[in-house]
Amino acid sequence: MRIATWNVNSIAARLPRLLAWLESAKPDVVCLQELKCATDAFPPEVRELGFEVAAYGLGRWNGVAILSRVGLEDVRRGLVDEPTFDDAAEPRAVGATCGGVRLWSVYVPNGREPGHPHYAYKLRWLEALRGTAVAESAADRPFAVLGDFNIAPTDEDVWDISLFTESTHVTEPERAALAALREAGLTDVVPRALKYDKPYTYWDYRQLAFPKNNGMRIDLVYANASFAGAVSDAYVDREERKGKGASDHAPVVVDLTL
DNA sequence: ATGACCCAAAACTTGGGA
């Protein structure tokens, strides 16, 4: 089974590339983030390719989905005890069971800057993610959380750590939240880079970040032992970051032998 | 080659992204 995660930065803007990629990469399940569309506005072309879709979006911001051609059951929108921001629920998590694998597609809050209310919200949100994972990953069933975590797990996961003082994505509390997920039994499934030595998944649109390979690894696959033990390959499809009409994130592709 | 940011809303700018 081939499972992928991709922050598409607007599914409407990315639709031609997404459809072409679904046909060429042939994933069975795809976790998407930053749809930037409402649930009802999810483009029908994806279903016409043979995918069932669990979408969760409210419009301009955020939005997540799971696409599957191996079944889509027990869809859940939102985490257990999920916090709000400015008293509003945000569409950042959707769960589903696909071909016997329990999956969550997540778009972790950015945090903006340490000390900002959005940063505290990010940490609360990650605690709710941990609680949801504990509730769902105990059994033998393969389980994974895939998505844009907005955290670089180590200093090696950014191109120049010296540029990240006073920045989110690399702070100790954010990394402690990832450690808590690992302590809950999940493993960071680190993909291969298809070029250069680091498996970055995000490169800013500005300042020639992609040609310079000034990237970050922030799109992660956190899997329980049953899922992680079945991984036969994992890689970052950096070809999708190239050219006109690219997202600023590349897909992470995981192959499982179940 | 991969090339100097992109997206969507109600907009002709602005907030958000990281």
Side-chain angles (χ1 to χ4, degrees), chain A residues 5-18 21 32-43 55-65 85-86 88 90-92 106-123 125-126 147-175 177-178 193-220 236-252:
Chain A
T5 181
W6 192 8
N7 179 326
V8 290
N9 187 18
S10 167
I11 192 164
R14 215 62 56 216
L15 191 61
R17 287 189 71 136
L18 174 64
W21 185 79
L32 299 177
Q33 301 86 36
E34 279 207 86
L35 302 179
K36 297 186 176 180
C37 80
T39 300
D40 293 345
F42 193 92
Y56 180 26
L58 293 174
R60 182 177 187 180
W61 306 118
N62 314 306
V64 289
F85 186 67
D86 283 346
E90 297 182 320
R92 296 181 174 275
V106 301
Y107 178 47
V108 176
N110 171 288
R112 303 195 184 153
E113 57 191 46
H116 192 285
H118 207 261
Y119 179 81
Y121 167 58
K122 180 179 194 174
L123 296 178
W125 201 93
L126 286 160
D148 180 355
F149 280 68
N150 274 317
I151 304 170
T154 74
D155 289 357
E156 298 302 303
D157 293 311
V158 299
W159 78 97
D160 184 350
I161 192 62
S162 74
L163 301 175
F164 282 80
T165 58
E166 312 300 322
S167 295
T168 57
H169 294 60
V170 300
T171 67
E172 191 281 330
E174 290 168 287
R175 288 176 173 171
L178 291 183
L194 296 186
K195 188 178 181 183
Y196 306 120
D197 58 336
K198 306 280 184 61
Y200 297 144
T201 65
Y202 162 84
W203 299 261
D204 197 288
Y205 283 124
R206 294 165 291 188
Q207 299 178 310
L208 293 172
F210 184 63
K212 293 176 179 172
N213 200 32
N214 290 346
M216 306 171 71
R217 185 172 77 92
I218 55 175
D219 298 272
L220 309 177
V236 181
D237 190 353
R238 69 187 305 283
E239 294 300 309
E240 276 307 312
R241 182 60 182 80
K242 294 182 179 179
K244 191 170 178 59
S247 172
D248 44 1
H249 296 251
V252 176

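Computed from a predicted model, the values in this text were never measured in an experiment. Residue numbers start from 1 in every chain, and the chains themselves are labelled A, B, ... in the order their sequence lines are given, proteins ahead of strands.
Counting non-hydrogen atoms under 4.0 angstrom, A:Asp148 reaches the backbone sugars and phosphates but no base. Among the heavy atoms of the strands lying under 4.0 Å from A:Asn110 is at least one base atom, whether or not backbone atoms are also near. Within the nucleic acid shown, A:Tyr107 comes within 4.0 Å of sugar-phosphate atoms alone, with no base atom in reach, counting heavy atoms only. Contact annotation for A:Tyr202: backbone-only contact, meaning every heavy-atom pair under 4.0 Å involves sugar-phosphate atoms and none involves a base. Nucleic acid contact for A:Asn213: none, since no nucleic acid atom lies under 4.0 Å from a heavy atom of the residue.
Straight-line distance between the P atoms of B:dA8 and B:dA18: roughly 15 Å, to the nearest whole Å. For B:dG15 and B:dA4, the C1' atoms lie 22 Å apart once the distance is rounded to whole Å.
Interface remark: the A:Lys244 side chain does not form any donor-acceptor pair with the B:dT2 base, using a distance-only criterion of under 3.5 Å.
No option in A:Val252, A:Leu18, A:Asp219 other than A:Leu18 meets the side chain to side chain contact (heavy atoms under 4.5 Å, CB included) test with A:Trp6.
At B:dC7, one or more side-chain N or O atoms of A:Arg14 fall inside 4.0 Å of OP1 or OP2 (strictly under the cut-off). For B:dA18, neither phosphate oxygen OP1 nor OP2 lies less than 4.0 angstrom from any side-chain nitrogen or oxygen of A:Ser167.
Side-chain proximity of A:Leu208 to the nucleotides B:dT2, B:dC7, B:dA4 is greatest for B:dA4.
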